[in-house]
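We count ligands from 1, going down the list as the structure has it; atoms in each ligand are counted the same way.
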Amino acid sequence: MNPLPESLDLAIIGAGPHALTLVTHLLQKRQKLRGKFRVFDPSGQWMQRWREQFAAQEIEHLRSPAVHHPDSLPSALRNFAQKHTAQGYSNQLYPPYALPGTQLFNAHCDDVIQRWQLQDCIVPESVERLSLKPGRFPFVLETPAGTVLARRVVLATDAGNPNWPDWAMRAQLEQVITGSEAKIAHASQVDLRRYPDLSGEEILIIGGGLSSGHLAVGAIRRGAKVSLMTRRDSREKLFDAEPGWLGPKYLKGFAQEQDWQKRWQMIRDARDGGSFTPEVLTKLRRLSRDRKLQFLEYCQVKQATWNKNQWQIDCDEQAPNQSELAATNAEHLAQRTADRIWLATGSTMDATQHPLLQSIQQSHPTEIINGLPVLDQHLRWPGLELFLSGGLAALQLGPAARNLFGGRLAAERIVPAIVKPSLALSSRVV
Ligand SMILES: Cc1cc2nc3c(=O)[nH]c(=O)nc-3n(C[C@H](O)[C@H](O)[C@H](O)COP(=O)(O)OP(=O)(O)OC[C@H]3O[C@@H](n4cnc5c(N)ncnc54)[C@H](O)[C@@H]3O)c2cc1C
């Protein structure tokens, strides 16, 4: 086990793909930095949460193409796949754009960790508080095992807060009060591996994003009947955002926009809520034809009540002009009940809610646009050597900030400010 260091030149909080991308880019630029940084994660391992999320939803392959991964060379994952044909990895690049299989991606990440010798830089601790004090090591990281001082910090915790609609919060509270088993959960808490058999159960899944699709397929595979409820019609998209956001085509115009509010709107429009990949939507349509799945489009839950060991669900229809569709839905909605509700309602990035930014915001307030902080061009919290990677950097990086591609964009901004003394902030915390 890695002993807790007293002070560090660079502390990275979180050991997910964003942190791994940052570290490979950092060492690519400056080998000398080896040994000068540590990565904090309570799991004590690289990529633990990523692996768990993919295993919990039984995801076969990534949504993003093979050029997106944590290594510094874009072709590294493809090269790795070709080098390991015996393990079947070369067959794990799925059409249409060579989407890496989960096993291939994870094996490649293991290879990256080994090649860059990164196994030993993890401190198996959660950082519970981040604050400032005067001096050369201004950041104070509090962990259950003790305090560490750092000169610079990168926050790579993926700060998404699961979205719980009001009716779902009320429903959960009701279950807590009655002491019954929690049969309402957010997708990020659902682990399909915990349910070997769901036959005879009816599951209502809320949301039109890829997670709801994966959970629906997994639940049906275990014998459940699923209803998939979306506020609008089911959308089909290859990626989270248009491919133009993964290069200068749209990012150039985004960077030229000086109004932060407008940038926020561009991010929102580009992500445009959830969508299924064509492959998953085809699977879902097939399951619907086999009467194992029912699409409930233009619907929203108003209230869910736990009664006689089942959810009684009261819904609102959103599209009265879609008369045919509305009539079909209404027929089913009249007697809607479910044994479980899963909320695949996504997550929101909000710096004001991030536990590690509370003290920082008090001492160094910055402009926050609907939860997203205005950072400098190196993704620093203004006035501090505190860098943010992930969705919280979206005002600078665009709609793919929280994706693997965003990890690369973040590394390209952060690394120069770490390796070039001329880009370091002159102001010290006093
Ligand atoms: C199911 C799913 C599938 C996805 N598929 C894709 C895809 O195919 N392609 C793509 O580009 N993007 C995808 N994404 C989006 C995105 O790439 C992932 O969410 C990715 O995990 C983000 O990486 P990260 O490093 O920012 O965060 P994470 O992977 O969440 O890692 C953050 C780490 O920080 C640690 N941490 C949190 N708080 C603390 C603390 N206080 N102290 C210490 N450590 C802490 C956590 O333990 C965690 O290990 C997917 C997301 C999900 C949920």
Whether the side chain of Arg221 engages the backbone of Ala216 through a donor-acceptor N/O pair (distance < 3.5 Å, no angle test) should be reported. no

Measure the acute angle between the ring planes of Phe254 and Trp245, then classify it against the limits of 30° and 60° as parallel, tilted or perpendicular. perpendicular

So which protein heavy atom does atom 12 (N) of ligand 1 come closest to, and at what separation? Asn403 ND2, 3.1 Å

Taking the minimum heavy-atom distance to atom 19 (O) of ligand 1, which of Glu128, Gln53, Glu52, Met47 ranks first? Gln53

Might you work through the side chain to side chain donor-acceptor pair (under 3.5 Å) test for Ser389 and Arg402, ending with a clear yes or no? CA-CA 8 Å; Ser389 183; Arg402 53 163 95 171; over 6 Å; no

Neighbour count >12 (heavy atoms, 6.0 Å) for atom CD, Glu201: yes

Per-atom filter on ligand 1: closer than 4.0 angstrom to a heavy atom of Ala156 are 32 (C), 34 (O)

Other residues, nucleotides, ligands: >12 heavy atoms within 6.0 Å of Arg231 CZ: no

re atom 38 (N) of ligand 1, the protein heavy-atom contact at minimum distance is Thr157 CG2, 3.5 Å

Which of Arg30, Glu385, Arg152, His378 passes side chain to side chain contact (heavy atoms under 4.5 Å, CB included) with Ile418? Answer is Arg152

Nearest protein heavy atom to atom 41 (N) of ligand 1, by residue and atom, and its distance? Val127 O, 2.8 Å

Between Ala410, Ser64, Gly44, Gly14, which one has a non-hydrogen atom sitting closest to atom 9 (N) of ligand 1? Ser64

Ligand 1 contact by Arg402, heavy-atom criterion under 4.0 angstrom: yes

For ligand 1, indicate whether the residue Ile59 contacts it via side chain, backbone, both or neither (heavy-atom separation under 4.0 Å). side chain

Going by the closest heavy atom to atom 44 (N) of ligand 1, which one wins out of Pro124, Pro355, Pro42? Pro42

So which heavy atom in the protein is nearest atom 6 (C) of ligand 1, and how far is it from that ligand atom? Trp50 CH2, 3.9 Å

Please confirm whether Gly390 approaches ligand 1 to less than 4.0 Å, judged on its heavy atoms. no

Sub-3.5 Å donor-acceptor pair from the side chain of Asp316 to the main-chain atoms of Gln300, do we have one? no

Gln48 heavy atom under 4.0 Å from ligand 1: no

Please work out whether the ring planes of His68 and Phe405 are parallel, tilted or perpendicular, with thresholds of 30° and 60°. tilted

Is the shortest distance from a heavy atom of Ala15 to ligand 1 less than 4.0 Å? yes

With distance as the sole criterion, is a donor-acceptor pair present between the side chains of Gln28 and Ser72 under 3.5 Å? yes

